[in-house]
Amino acid sequence: MADELELLRRANPVPVDGPHFGDGPLDHHAERHLNRLLHERPSPLRRRTRLAWGLAATSIVAALVSALLFTGQTTAPAVAAPRPLLVQADSTPVSLKTLAERAQAAAADGSPKLRKGTHVQSWSMGMSDDKPPITLPEERIVRWNADDSHTEIVVATDPRHPGRPVLGGEGGLVEDGHVLSRQTYPPSWSDAPPQSPPPTDVARLRAYLQEAAYSRTALNTGELLDTVESLLDTWTLGARESATLARLLADTEGLRPVGQVTDRLGRRALAYAYDGSGPRRMLIMDPATGAVLGLETTFTKAEPQYGVEAGDVMSYSAWMR
């Protein structure tokens, strides 16, 4: 059995120097997750080991960058963890049920429409088993063409202006963006979630997300939020899809309204927190349309040995149209 597992790990269907399959190329997220599955050995302590290594690596990178700044060698990009979003103390929480009703009313004319592709700004704390990565805020835009080919551009955000978009609405680059990668994928099509269009019925959307998560059982709240993130990294939802998702979230256990925030793109939004057994998740939603604007994950426990305090940001995503 061990030999068979080792053979499976070595059977990498997406080598770096190999062509993508013409009938369905994997995007960079899928390739990254596939490689993690192929090369990581499961262990009860693996998640904590990866976290510890990643946090230590982040501290090392930050120290190296500080040294560069003090010595005048500023060719390396700045590395800094973002501050968590702050809920306005005097704001009134709005229930997800109320927000879902607003979203339903806003979707009456069906505009804007669903569009395949995404425009997202994200940051995550680097974690690696074999080397310490340098983690920077990045902005990614994916646009699909009529022939089912698509182009993906990844740009490092300017550390002097955190949260400011560096890609124009149609993918045009502005002068302060540094292109990390630009790749065009050949035509491909899939009828499997999340590549297939999301439905506008709550029950069908729930089943769609469960299939997208490769789960045979109903998703818990943490798993659901993970899959919503995958959905929004694939599609820019239209008004009706956003309203359906808002109704689904209103029926989700553990999501509680916490008040108003201003997100990293300067948008006024409503925040909904989920305090499960792991890190804290905060869903950021448009107060008028119910569209999901962002998702932030923060530590709930301090890790003094790694310089992490409760409330520090682990990752965030901010989606744009």
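Just so you know, residue 1 is the first one in the sequence shown, and it goes up from there.
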Completion exercise
Going by chain and number, the hydrophobic cluster around Trp144 (ILVMFWY, side chain to side chain under 4.5 Å) further includes Val142

Problem - Leu232 side chain near Leu237 side chain, heavy-atom distance below 4.5 Å - result: yes

Show the atom names and distances, to 0.1 Å, of all donor-acceptor pairs under 3.5 Å that link a side chain in residues 86-93 to residues at least two apart or in another chain.
| unit_1 | atom_1 | unit_2 | atom_2 | d |
| --- | --- | --- | --- | --- |
| Ser91 | OG | Gln88 | O | 2.6 |
| Ser91 | OG | Gln260 | N | 2.9 |

Practice task
Applying side-chain hydrogen bond (donor to acceptor under 3.5 Å, both in side chains), name anything that partners Arg267, two or more places apart in sequence or on another chain.
Solution key: Asp263

Practice task
Test side chain to side chain contact (heavy atoms under 4.5 Å, CB included) on Tyr272 and Leu99 and set out the steps.
Solution key: CA-CA 11 Å; Tyr272 298 85; Leu99 185 60; 3.6 Å; yes

Handout entry: Polar side-chain atom of Asn145 near backbone of Asp147 as donor-acceptor pair, under 3.5 Å
Key = no

Practice task
For residues Pro194 and Trp235, report the shortest heavy-atom separation together with the two atoms involved.
Solution key: O-NE1, 2.6 Å

Problem - ILVMFWY cluster, Val120 and Leu225 together (side-chain gap under 4.5 Å) - result: yes

Exercise for the section: Could you check Leu209 against Leu248 for side chain to side chain contact (heavy atoms under 4.5 Å, CB included), going step by step and ending with a plain yes or no? Expected result: CA-CA 11 Å; Leu209 294 174; Leu248 185 152; 4.2 Å; yes

Exercise for the section: Write out all pairs satisfying side-chain hydrogen bond (donor to acceptor under 3.5 Å, both in side chains) with one or both partners inside residues 201-212, taking only residues at least two apart or from two chains. Expected result: none

Handout entry: Summary of side-chain hydrogen bond (donor to acceptor under 3.5 Å, both in side chains) pairs that have at least one residue in residues 100-112, sequence neighbours excluded
Key = Gln104-Arg247

Which pairs would a plain distance check flag for residues 278-289, meaning a side-chain donor or acceptor within less than 3.5 Å of a matching protein atom at least two apart in sequence or in another chain?
| unit_1 | atom_1 | unit_2 | atom_2 | d |
| --- | --- | --- | --- | --- |
| Arg280 | NE | Asp275 | OD1 | 3.1 |
| Arg281 | NE | Thr297 | OG1 | 3.2 |
| Arg281 | NH1 | Asp226 | OD1 | 3.4 |
| Arg281 | NH2 | Asp226 | OD1 | 2.8 |
| Asp286 | OD1 | Ala288 | N | 2.8 |
| Asp286 | OD1 | Thr289 | N | 3.0 |
| Asp286 | OD1 | Thr289 | OG1 | 3.4 |
| Thr289 | OG1 | Ala291 | N | 3.3 |

